[in-house]
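Have a look at the structure below, then the notes.
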Amino acid sequence: MKIPLLSIIVPVWNTSSVYLDECFRPFIENDCPEIELIVVDDGSDEKTASYLDSLHFSVSAKVLHQRNRGQNAARMCGIKQANGKYIGFLDSDDKIIWGSFIDLISQLKFKNDDIILFSGVQIDETGNSTEKYIGPVLYQYSKREYIRNCAELWIQFFRKDFLMSQGLFVPSQMYIGEDLASVLPLIIRAKKISVFDGLVYQYRQQNSSVMHSLNPIGRMSIVESFEYIINTLSPEDLNTFHEEIEWQAVNHLLFYETCAQLKFGFAGLAQVYMLRKWVKKHFPNWNKNYYLNLKKEKHSYAFNLAIKRHFFIIMFYECILKRFSLKQKERFE
């Protein structure tokens, strides 16, 4: 049997059949012998499991079923079954751009890089592009830029031998930041990285996703993700890429997660102070971070409010926004 160039692993847990249809349609309608598709059902309900078993793919494919163990456990299950030279990941509510995808695969036979990076674009729940891009399309590529911007697992293909040598992925108990914790050490340890100049991936932003539905306490698993990063990397790696790792902590904990927690009002405020305490403990001079103070960087108004501890202004803004959204919803019902 011919060894595929690429194994694509798709974890599924009770994803809408509408999204699954969009996700798998390119692999049903198009044949490509260089592709191996591995779908891992992570303990879905009977309806979803049956739907997956009913699919007829044009590419080489297998559907695996396991009890619910979390997204990363599903990914690891798929990796162990993968035969491809490279491994890629596709979330079950996302889509690939077939033409660019095939162009990239055609180059894999000439590659032996540890990681191949590409770009993606965000789509809304109905599948329309929001024109929000991610990946090297946004910035002048360098390894440091890659490290300080990385957060998604799907934005790159990994050479299987390299991936297996690095111990695979973080435990599945992390619901916030698990992709970042998985991919950041891999990027730092990679010796050869190349960039494909093209949009390959469409990632769907859902307000009803697990990440958006967690309560303030549940969202604190992001701290475990950063603990994993710090404990996994060597002192040399932590020192060499200190500014980039510190920036990730500032950006994710002091900005993104702070704003997410303040959407819960006073219920999230205690977690915000815990996040700042954690950053202060591990990065005592974070406010002198190179990227934070880089003059050409244009930080958003919300970013500056969060960094400068204007929490009540953010809470007030979120309260007004929530009331406006409710009124808009009532108007249409």
Under the salt bridge (Lys or Arg N to Asp or Glu O under 4.0 Å) rule, collect the residues that match up with Asp113, sequence neighbours excluded.
none

Closer than 4.0 angstrom, basic N to acidic O: yes or no for Arg204 and Asp94?
no

Please report the C-alpha distance between Leu184 and Leu233 in whole Å, then the side-chain angles of each, then the deciding distance to 0.1 Å, and finally whether the side-chain contact (heavy atoms from CB on, under 4.5 Å) criterion is met.
CA-CA 9 Å; Leu184 193 147; Leu233 292 173; 4.0 Å; yes

Side chains of Arg25 and Glu22: does their closest heavy-atom pair fall under 4.5 Å?
yes

Between Ser234 and Asp237, is there a donor-acceptor pair closer than 3.5 Å when you use the side chain of the first and the backbone of the second?
yes

Do the side chains of Tyr256 and Val223 join up, straight or via other hydrophobic residues, at under 4.5 Å, putting them in one cluster?
yes

Evaluation steps, side-chain contact (heavy atoms from CB on, under 4.5 Å), between Asn112 and Lys85:
CA-CA 9 Å; Asn112 199 40; Lys85 177 182 178 182; 4.0 Å; yes

hydrophobic_cluster_shared for Trp154 and Leu108, side chain cutoff 4.5 Å:
yes

Over all heavy atoms of both residues, which pair between Val39 and Phe57 is shortest? Give the atoms and the distance, please.
CG2-CZ, 4.4 Å

Smallest separation among heavy atoms of Leu52 and Val63, with atom names
O-CG2, 3.8 Å

Could you tell me whether a side-chain N or O of Asn30 sits under 3.5 Å from a main-chain N or O of Pro26, the two making a donor and an acceptor?
yes

Would you indicate whether the side-chain heavy atoms of Ile8 and Phe101 approach each other to under 4.5 Å?
yes

Starting from Ile176, can I reach Ile155 by hopping between I/L/V/M/F/W/Y residues whose side chains sit under 4.5 Å apart?
yes

Count the heavy atoms belonging to other residues, nucleotides or ligands that lie under 6.0 Å from NZ of Lys288, then report whether that count exceeds 12.
no

Please answer whether the main-chain N or O of Ala181 pairs with a side-chain N or O of Ser225 as donor and acceptor at a distance below 3.5 Å.
no

Nearest heavy-atom contact between Val279 and Ala249 is CG2-O, 4.4 Å

Out of curiosity, Ile35 CD1 to Tyr86 OH, how far, rounded to the nearest 0.5 Å?
15.5 Å

Among Tyr201, Phe89, Tyr146, the one residue meeting side-chain contact (heavy atoms from CB on, under 4.5 Å) with Gln156:
Tyr146

Any donor-acceptor pair under 3.5 Å linking the side-chain atoms of Glu243 with those of Asn289?
yes

Determine, stepwise, if the pair Asp42 / Gln71 fulfils side-chain contact (heavy atoms from CB on, under 4.5 Å).
CA-CA 7 Å; Asp42 186 42; Gln71 183 169 241; 5.9 Å; no

Is it the case that the side chain of Thr15 and the backbone of Leu20 share a donor-acceptor pair, with hydrogens and angles ignored and the cut-off at 3.5 Å?
no

Distance-only, no hydrogens or angles: does the Asn128 side chain make a donor-acceptor pair with backbone N or O of Asp124 under 3.5 Å?
no

If we ignore angles and hydrogens, is there a donor and acceptor under 3.5 Å between the side chains of Asp45 and Thr48?
yes

To the nearest 0.5 angstrom, please state how far the CD atom of Gln66 sits from the CE atom of Met76.
9.0 Å

Can any side-chain N or O of Ser58 pair as donor or acceptor with the backbone N or O of Asp31 at less than 3.5 Å?
no

Just wondering, do His310 and Phe316 contact through their side chains at under 4.5 Å, heavy atoms?
no

Does CZ in Phe255 sit with more than 12 non-hydrogen atoms of other residues, nucleotides or ligands closer than 6.0 Å?
yes

Fellow cluster residues of Leu262, listed by chain then number, with links counted only when side-chain atoms sit under 4.5 Å apart:
Phe266, Leu269, Val272, Tyr273, Tyr301, Leu305, Phe311, Phe312, Ile313, Ile314, Met315

Go through the side-chain N and O atoms of Tyr291 and Glu244 and say whether any donor and acceptor fall under 3.5 Å apart.
yes

Ile102 backbone acceptor or donor facing Glu34 side chain under 3.5 Å
no

Is the side chain of Ser54 donor-acceptor paired with the backbone N or O of Tyr51 at a distance under 3.5 Å, no angle test?
yes

Taking a hydrophobic cluster as the set of Ile, Leu, Val, Met, Phe, Trp and Tyr residues connected by side-chain heavy atoms closer than 4.5 Å, whether directly or through intermediates, do Leu37 and Leu163 fall within one such cluster?
yes

Test side-chain contact (heavy atoms from CB on, under 4.5 Å) applied to Phe283 and Trp278, Phe226, Trp247, the passing residue
Trp278

Is atom NZ of Lys143 surrounded by more than 12 heavy atoms (other residues, nucleotides or ligands) closer than 6.0 Å?
yes

When you check the side-chain N and O atoms of Glu257 and Gln261, is any donor under 3.5 Å from an acceptor?
yes

By the rule that ILVMFWY residues connect when side-chain heavy atoms come within less than 4.5 angstrom, directly or transitively, which residues belong alongside Ile217?
none

Give the C-alpha distance, both sets of side-chain angles, the deciding distance and a yes or no for salt bridge (charged side-chain N to carboxylate O under 4.0 Å, His left out) between Asp114 and Arg159.
CA-CA 5 Å; Asp114 295 328; Arg159 186 167 53 82; 2.5 Å; yes

Gln248 side chain to Cys150 backbone, donor-acceptor under 3.5 Å
yes

Show the nearest heavy-atom pair for residues Gly88 and Leu6, with the distance to one decimal.
N-CD1, 3.7 Å

Do Val18 and Ile96 sit in the same hydrophobic cluster, where Ile, Leu, Val, Met, Phe, Trp and Tyr count as joined when their side-chain heavy atoms come under 4.5 Å apart?
no

Gly78 versus Ile9, closest heavy-atom pair with distance
C-CD1, 3.4 Å

Separation between CG (Asp41) and CH2 (Trp13), nearest 0.5 Å, reads 11.5 Å

Which atom of Gly120 lies closest to which atom of Tyr203, heavy atoms considered:
C-CE2, 4.4 Å

Between Asp91 and Arg75, is there a side-chain N and carboxylate O pair less than 4.0 Å apart?
yes

When you compare the side chain of Asp53 with that of His65, does any pair of heavy atoms fall below 4.5 Å?
yes

Between His299 and Asn304, a side-chain donor and acceptor under 3.5 Å:
no

Would you indicate whether the side-chain heavy atoms of Phe264 and Arg219 approach each other to under 4.5 Å?
yes

Point-to-point distance, once rounded to the nearest 0.5 Å, from CD1 of Ile134 to OG of Ser119:
9.0 Å

Interatomic spacing from CG in Leu238 to CG in Asn231 - rounded to 0.5 Å
9.0 Å

Full working for side-chain contact (heavy atoms from CB on, under 4.5 Å) between Ile245 and Ile188
CA-CA 10 Å; Ile245 298 167; Ile188 287 177; 4.1 Å; yes

Atom NZ in Lys111, atom CD1 in Ile105: separation rounded to 0.5 Å?
14.0 Å

